[in-house]
Amino acid sequence: MTSTSSVEFNGQVVVISGAATGIGKASAQLIAARGATVIALDFNAAALNELSKELSLAANQSHVCDISSQDQIDKAISAILKDHGKIDALVNTAGIVGPSNTVVEDVNWSDFEKVLQVNLYGAIWLTQAVIPSMKDKKYGRIVHLASIAGKEGNPGLSPYNTSKAGMIGFVKGVAKEIAPHGVVINALAPAVISTPMNSNTSEETLKYMISRIPMGRVGQPEEVAEIVAFMASKACSFTTGFTFDASGGRATY
Ligand SMILES: NC(=O)c1ccc[n+]([C@@H]2O[C@H](COP(=O)([O-])OP(=O)(O)OC[C@H]3O[C@@H](n4cnc5c(N)ncnc54)[C@H](O)[C@@H]3O)[C@@H](O)[C@H]2O)c1
């Protein structure tokens, strides 16, 4: 039955991609504080090293891994399973914005494809890599960071919109495949959150984004991490294929 202990992670192995900064980092901090053995993946080795020091992660608890490479994902997940024996939860937060303020006909195809490779193919490959061991254990939680952009679409952001909408569709269908095996998969769609991803966003764009948020402010990564932690925990036991919201009231669906 659901109880306070259901949101704790004692004895659990939780893999977090994009853990070095932003939402991934806040999630790693919170989930580690709730008792998990956190395994951090990121391609930013320097920032990953900082996180490892902060959370006192052992060498086999952090992997430099570029999720736009299926080979690197497979190697990292195999190493984690060999070292730790299981993966209770995967939290995939690694992502890039790609071309912005660019109408679709002006987007260079290699730039478009790069966003799909990181945000969508990376999510698919990570999911494919963790499902077999989760099925064996008859337990698993998979969390993908989508975006309000995948639900509503933002002008000038077609690669990002496409990648996040693809992720939401992917989660819906896979959820039905793995539901009988005790494995749950959900997405989370934040509006604008104060992280390094938005550090170069212009004042004007931020103002526009905030104007669409009834709470009248940007979200904080710690607020998103609270939802991620729930989604990655045993407590998230009867919801799958869903896209959770973290938008300060912008999306009420
Ligand atoms: N910040 C927002 O406003 C916002 C809103 C909606 C959705 N999101 C989504 O939330 C997730 C986290 O974003 P954030 O705001 O924390 O951004 P961020 O830039 O702070 O963090 C993203 C992390 O992913 C890592 N990363 C990027 N590409 C990678 C790759 N190919 N392989 C491995 N690691 C890679 C980066 O090094 C970084 O540590 C992203 O998927 C993003 O699309 C963010």
Side-chain angles (χ1 to χ4, degrees), residues 15-30 39-52 54 62-77 90-100 113-126 129 143-154 157 159-168 170-171 187-201 205-206 208-210 212-213 217-225 227-228 231 243-248 250-251:
V15 176
I16 304 181
S17 82
T21 64
I23 293 167
K25 183 176 185 175
S27 302
Q29 289 166 327
L30 181 63
I39 318 287
L41 309 184
D42 208 288
F43 72 171
N44 181 341
L48 192 59
N49 199 31
E50 283 302 307
L51 178 79
S52 299
E54 185 191 320
S62 85
H63 291 264
V64 176
C65 174
D66 181 343
I67 71 153
S68 68
S69 155
Q70 187 175 22
D71 186 51
Q72 288 191 34
I73 287 178
D74 289 346
K75 285 195 174 116
I77 297 298
L90 164 73
V91 175
N92 171 38
T93 80
I96 55 171
V97 178
S100 58
E113 209 169 27
K114 183 71 203 170
V115 177
L116 296 183
Q117 241 158 19
V118 177
N119 296 0
L120 182 57
Y121 300 175
I124 294 168
W125 292 329
L126 279 165
V143 178
H144 288 298
L145 258 294
S147 168
I148 188 112
K151 285 164 92 175
E152 298 202 342
N154 285 326
L157 270 178
Y160 189 74
N161 298 333
T162 307
S163 68
K164 297 299 188 179
M167 180 189 263
I168 290 169
F170 174 73
V171 162
L188 173 58
V192 61
I193 309 298
S194 175
T195 70
M197 186 172 264
N198 290 309
S199 55
N200 294 325
T201 308
T205 307
L206 270 181
Y208 165 76
M209 287 168 159
I210 293 169
R212 306 204 55 198
I213 298 176
R217 63 173 178 87
V218 300
Q220 296 302 318
E222 293 75 17
E223 296 178 288
V224 182
I227 307 171
V228 167
M231 294 166 71
T243 300
F244 286 78
D245 171 73
S247 71
R250 176 172 165 185

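One-based numbering along the sequence shown. Values below: all heavy atoms of this structure, side chains included; hydrogens, waters and symmetry mates excluded. Whatever order the structure lists them in is the order used to number ligands and atoms, beginning at 1. Everything numeric here is computed off the predicted structure, so don't read it as measured data.
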Residue selection (non-hydrogen contact nearest atom 9 (C) of ligand 1) among Ala146, Gly150, Gly95: Ala146
Spatial distance of atom CD (Gln220) from atom CD1 (Ile23) [nearest 0.5 Å]: 10.5 Å
Atom 18 (P) of ligand 1: nearest protein contact (heavy atom, Å): Thr21 OG1, 3.5 Å
Within-cut-off N or O pair, Asn44 and ligand 1, under 3.5 Å: no
Ile67 N/O under 3.5 Å from ligand 1 N/O: yes
Taking atom 37 (O) of ligand 1 as the reference point, the nearest protein heavy atom with its distance: Asp42 OD1, 2.6 Å
Subset of ligand 1 atoms that lie under 4.0 Å from at least one heavy atom of Asn198: 1 (N), 2 (C), 3 (O)
Any N/O pair Ser147/ligand 1 closer than 3.5 Å: no
Identity and separation of the nearest protein heavy atom to atom 17 (O) of ligand 1: Met197 CB, 3.4 Å
Gly18: numbered ligand 1 atoms lying under 4.0 Å from its heavy atoms: 23 (C), 24 (O), 25 (C), 39 (O)
Contacting atoms of ligand 1, where contact means under 4.0 angstrom from a heavy atom of Cys65: 32 (N), 33 (C)
Side chain proximity check, Leu126 to Val15, heavy atoms < 4.5 angstrom: no
Taking atom 11 (C) of ligand 1 as the reference point, the nearest protein heavy atom with its distance: Thr93 O, 3.0 Å
Region of Ala19 that comes within reach of ligand 1 [heavy atoms, distance under 4.0 Å]: neither
Contact atoms of ligand 1, heavy-atom distance to Lys164 under 4.0 Å: 40 (C), 41 (O), 42 (C), 43 (O)
For Ile96, atoms of ligand 1 separated by under 4.0 Å from a heavy atom: 27 (C), 28 (N)
Protein contact of atom 31 (N) of ligand 1 - nearest heavy atom, named by residue and atom, plus distance: Asp66 OD1, 2.8 Å
Structural part of Ile148 in contact with ligand 1, heavy atom criterion under 4.0 angstrom: neither
Proximal atoms of ligand 1 relative to Val118 (non-hydrogen, under 4.0 Å): 28 (N), 31 (N)
Leu30 side chain near Glu222 side chain, heavy-atom distance below 4.5 Å: no
Part of Leu41 with heavy atoms under 4.0 Å of ligand 1, whether side chain, backbone, both or neither: neither
Ligand-residue contact atoms, ligand 1 with Ala191, heavy atoms, under 4.0 Å: 3 (O), 5 (C), 6 (C)
Per-atom contacts, ligand 1 versus Gly22 - under 4.0 Å to a heavy atom: 16 (O), 20 (O)
Side-chain H-bond candidate by donor/acceptor type, Asp66 with Ser68, under 3.5 Å: yes
Polar proximity ligand 1 side, Ile23 side, N/O cut 3.5 Å exclusive: yes
